[in-house]
Visitor: 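Pasting a structure below so you can have a look.
Whatever order the structure lists them in is the order used to number ligands and atoms, beginning at 1. Excluded from the calculations below are hydrogen atoms, water molecules and symmetry mates; all remaining heavy atoms, backbone and side chain alike, are included.
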Amino acid sequence: MKQLRNAAHRHIETSPIAGSLGAEISGVDLSADLPEEVLAELRAALLAHQVIFFRGQSLTPERQLAFARRWGEIHLHPFMVGMAEYPEVLEIVKRPTDARNFGGSWHTDQMFAPAPAMGTILYAKEVPSAGGDTMFTNQYLAYEALSPGMQRLCERLRTVCYGDGAKKYGGKTRREFYADKTTMQVKDPGEVQTTSVHPLVRTHPETGRKALYIGGHVQHFEDMEDAESRPLIDFLMAHSTRPEFICRFRWETGSLAFWDNRCTQHFAINDYPSETRIMHRVTVRGDTPF
Ligand code: SIN
């Protein structure tokens, strides 16, 4: 399917921010109870651009959750502690005393889950004076840019994805990785499954397009050792984050990003050492990748 980049909309306006993916949307107040036809236009924009951005929003956690519920059930993070009054909302905080940020490497959300999050809705409460941008990549383009032989090879492979202890965390547990380095709190996932196997190339259930499905949670390929898998994983990570597949979003207080985890990766840049950044994140449950 071709990119649906210039679809006519009656209720919203879309303005792409890069050649690869990402569009700013205007004409929508996300705190309102949006009519179905506006939701349909937002869905078309999300499918066309993979990540959509809104400016100047004013959202309480209740209203952010109400908006997220229009897209599906909420996906709870099995490792990270949510807000006390709103456990479904993850407050992503980095303070001047924190060395690490949350999400500071290329990944797609909750890929370690058997049915990873379909989408993520991230709202900016407080942003640094400069820095703290988020980058996104288009994983349809990453797949399509591979040679036919590499596409065929990738289509036969399945990835084993870890929520804890992956190379992404330097082989540490999440608790060790974040200990003393952030104010965010890690919890024990209990019985929740946090290691999963997925196709390396997935078909988007709504657009029918194939996308490379890779990210920092991938530890090795199914039935292969780490050392055997690593060269190809490293190649695909470098390939799928090439500059021409990327957009970069500069946050303001009140900005909101909604991305489709089924065809993107993202990376929160940690370049504001003496400032504070506070975001509210809600993830929407997805289906089993195929
Ligand atoms: C995340 O990985 O969900 C965090 C993204 C961000 O804070 O920009």
Visitor: If you link ILVMFWY side chains whenever their heavy atoms are less than 4.5 Å apart, which other residues fall into the same cluster as V81? By chain and number, please.
Guide: none
Visitor: Report the residues that fulfil side chain to side chain contact (heavy atoms under 4.5 Å, CB included) with R100, sequence neighbours left out, ordered by chain and then residue number.
Guide: F177, K181, T182
Visitor: As a test of reading the model: which N/O atoms of the protein lie under 3.5 Å from N/O atoms of ligand 1, and at what distance?
Guide:
unit_1: ligand 1; atom_1: 2 (O); unit_2: H107; atom_2: NE2; d: 3.0
unit_1: ligand 1; atom_1: 2 (O); unit_2: H266; atom_2: NE2; d: 3.0
unit_1: ligand 1; atom_1: 3 (O); unit_2: R281; atom_2: NH1; d: 2.7
unit_1: ligand 1; atom_1: 7 (O); unit_2: R277; atom_2: NH1; d: 2.8
unit_1: ligand 1; atom_1: 7 (O); unit_2: R277; atom_2: NH2; d: 3.4
unit_1: ligand 1; atom_1: 8 (O); unit_2: T134; atom_2: OG1; d: 2.5
unit_1: ligand 1; atom_1: 8 (O); unit_2: R277; atom_2: NH2; d: 2.8

Visitor: Before accepting this row, confirm whether a basic side-chain N of the pair R43/E206 lies closer than 4.0 Å to the acidic partner's carboxylate O.
Guide: yes
Visitor: Could you check whether Y143 and E155, counting side-chain N and O atoms only, form a donor-acceptor pair closer than 3.5 Å?
Guide: yes
Visitor: With sequence neighbours left out, write down each residue that passes side chain to side chain contact (heavy atoms under 4.5 Å, CB included) with H239, or none if nothing qualifies.
Guide: A142, A145, L146, L212, F235, R242, F245
Visitor: Any side-chain heavy atom of L65 within less than 4.5 Å of one from Y86?
Guide: yes
